J.: 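One structure, pasted below without further comment.
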Amino acid sequence: MSIHVRPFREADAAAVSVIQFESFKSYLKDRMELKEPRPAEYWLENARSSTPDAVTETFVAEDENGRLLGFVTVSISLVRRLGYLVRIGVLPRCAHAGIGSQLFQAADGFWRSRNARKVCTCVSSINPGAYAFYLKHGFHREGILKDHFFPGVDEYQLAFFY
Ligand SMILES: CC(C)(COP(=O)(O)OP(=O)(O)OC[C@H]1O[C@@H](n2cnc3c(N)ncnc32)[C@H](O)[C@@H]1OP(=O)(O)O)[C@@H](O)C(=O)NCCC(=O)NCCS
């Protein structure tokens, strides 16, 4: 399968919403509050933004037929040179096949091109696949938020420095 990673376009909003819903459900299971993908308008409002102080961008991974299989949303505070990996998701049927890593390369390019000093994100203790993914891409654990989004489920604060 040949995968192409490119910046988000408005026409991607509905497909990205489905990918986020399906991928997050794969580890949240019955903890997932959303019952269906968010309306496409959510992504039109949140996938990209730019102010003098901060930039948010989304990249999508598409196959040779133009079907979207994954996305990553990243941001940076330009003043602090602090990046954030906001969300990443790959359709469960395509997971663990290298697509997330290709998306991470685009994220890395985004942060490097804006001279990021540090990048951070969070991952849930019930999400060992994503935790392994982040460690493989250079993040390390900086802290733990106990019982954070759900009782009995900790959130790991992860980061790396350039
Ligand atoms: C996390 C996620 C984006 C990774 O994307 P992916 O395409 O599956 O990742 P890759 O195939 O590039 O995998 C790279 C590494 O991630 C880790 N990994 C990915 N899926 C894994 C799984 N199911 N179990 C264990 N490790 C896994 C491994 O370290 C893997 O390296 P390896 O191939 O040498 O074993 C994807 O699995 C996903 O969408 N998960 C559900 C949504 C989610 O958890 N988002 C992050 C919320 S914080």
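For ligands, and for the atoms within them, numbers begin at 1 and follow the listed sequence. Note that the structure is a prediction, hence the values are computed from the model and not measured.
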J.: Examine the proximity of ligand 1 to Y156 and report which part, side chain or backbone, both or neither, has a heavy atom under 4.0 Å away.
T.: neither
J.: Compare every heavy atom of R80 with every heavy atom of R117, then report the nearest pair and how far apart it is.
T.: NE-O, 3.3 Å
J.: Taking atom CD1 of I3 and atom CG of L69, what is their separation to the nearest 0.5 Å?
T.: 5.0 Å
J.: What's the shortest distance from atom 37 (O) of ligand 1 to any protein heavy atom, and which residue and atom give it?
T.: A95 CB, 4.2 Å
J.: Do F8 and W43 have ring centroids that are under 6.0 Å from one another?
T.: no
J.: Return yes or no for this condition: an N or O of F24 is under 3.5 Å from an N or O of ligand 1.
T.: no
J.: How about R141: does its CZ atom have over 12 heavy atoms from other parts shown lying under 6.0 Å from it?
T.: yes
J.: Classify the contact between S124 and ligand 1 as side chain, backbone, both or neither, using a heavy-atom distance cut-off of under 4.0 Å.
T.: neither
J.: Apply ring pair (Phe, Tyr, Trp, His ring centres under 6.0 Å) to the pair F24 and Y27, showing each step before the final yes or no.
T.: CA-CA 6 Å; F24 278 63; Y27 78 90; 5.8 Å; yes
J.: E142 and K118: salt bridge (charged side-chain N to carboxylate O under 4.0 Å, His left out), yes or no, with the steps?
T.: CA-CA 12 Å; E142 284 200 337; K118 179 180 184 179; 3.1 Å; yes
J.: Please say whether I88 places an N or O atom under 3.5 Å from an N or O atom belonging to ligand 1.
T.: yes
J.: Report yes or no: does a heavy atom of C122 sit under 4.0 Å from some atom of ligand 1?
T.: yes
J.: Does the distance from a Lys or Arg side-chain N to an Asp or Glu carboxylate O, for R38 and E45, drop under 4.0 Å?
T.: no
J.: Please list, in number order, the atoms of ligand 1 under 4.0 Å from a heavy atom of Y134.
T.: 46 (C), 48 (S)
J.: Contact between Q157 and C120 at the side-chain level, heavy atoms closer than 4.5 Å - yes or no?
T.: no
J.: For atom 18 (N) of ligand 1, what's the nearest protein heavy-atom neighbour? Residue, atom name and distance, please.
T.: G129 O, 3.5 Å
J.: Closest non-hydrogen protein atom to atom 39 (O) of ligand 1, residue and atom name please, with distance?
T.: V90 N, 2.8 Å
J.: Is there any N or O on S101 that sits under 3.5 Å from an N or O of ligand 1?
T.: yes
J.: Can you say whether the rings of Y162 and F160 are parallel (under 30°), tilted (30 to 60°) or perpendicular (over 60°)?
T.: perpendicular
J.: Look only at the side chain of T121 and the backbone of L85, and say whether a donor-acceptor pair between them is shorter than 3.5 Å.
T.: yes
J.: Should one rank A130, A132, G89 by closest heavy-atom distance to atom 29 (O) of ligand 1, which comes out on top?
T.: A132
J.: Determine if the distance from atom 34 (O) of ligand 1 to the closest protein heavy atom is below 4.0 Å.
T.: yes
J.: Which atoms of ligand 1 have any heavy atom of S26 under 4.0 Å away?
T.: 41 (C)
J.: What protein heavy atom lies closest to atom 41 (C) of ligand 1? Include the residue and the distance to one decimal.
T.: S23 O, 3.3 Å
J.: Looking only at protein heavy atoms, identify the closest one to atom 44 (O) of ligand 1 and say how far it is in Å.
T.: N127 ND2, 2.6 Å
J.: N/O to N/O below 3.5 Å, does that happen between V123 and ligand 1?
T.: no
J.: Once ring pair (Phe, Tyr, Trp, His ring centres under 6.0 Å) is applied, do any residues pair with Y156, and if so which ones, sequence neighbours excluded?
T.: Y131
J.: Can you tell me which residue and heavy atom of the protein come closest to atom 15 (C) of ligand 1, and the distance to 0.1 Å?
T.: K136 CD, 3.8 Å
J.: Would a distance-only check, ignoring hydrogens and angles, find a side-chain to backbone donor-acceptor pair under 3.5 Å from D147 to G152?
T.: yes
J.: Heavy-atom distance from atom 25 (C) of ligand 1 to the protein below 4.0 Å?
T.: yes
J.: Would F104 count as a contact of ligand 1 if the rule is a heavy atom under 4.0 Å away?
T.: no
J.: Nearest protein heavy atom to atom 10 (P) of ligand 1, by residue and atom, and its distance?
T.: G98 N, 3.6 Å
J.: Under 4.0 Å from any heavy atom of A97, which atoms of ligand 1 are there?
T.: 11 (O)
J.: Quick test: of every protein heavy atom, which one is nearest to atom 22 (C) of ligand 1, and how far off is it to 0.1 Å?
T.: H96 ND1, 3.6 Å
J.: State whether the number of non-hydrogen atoms from other residues, nucleotides or ligands found under 6.0 Å of E10 atom CD is greater than 12.
T.: no
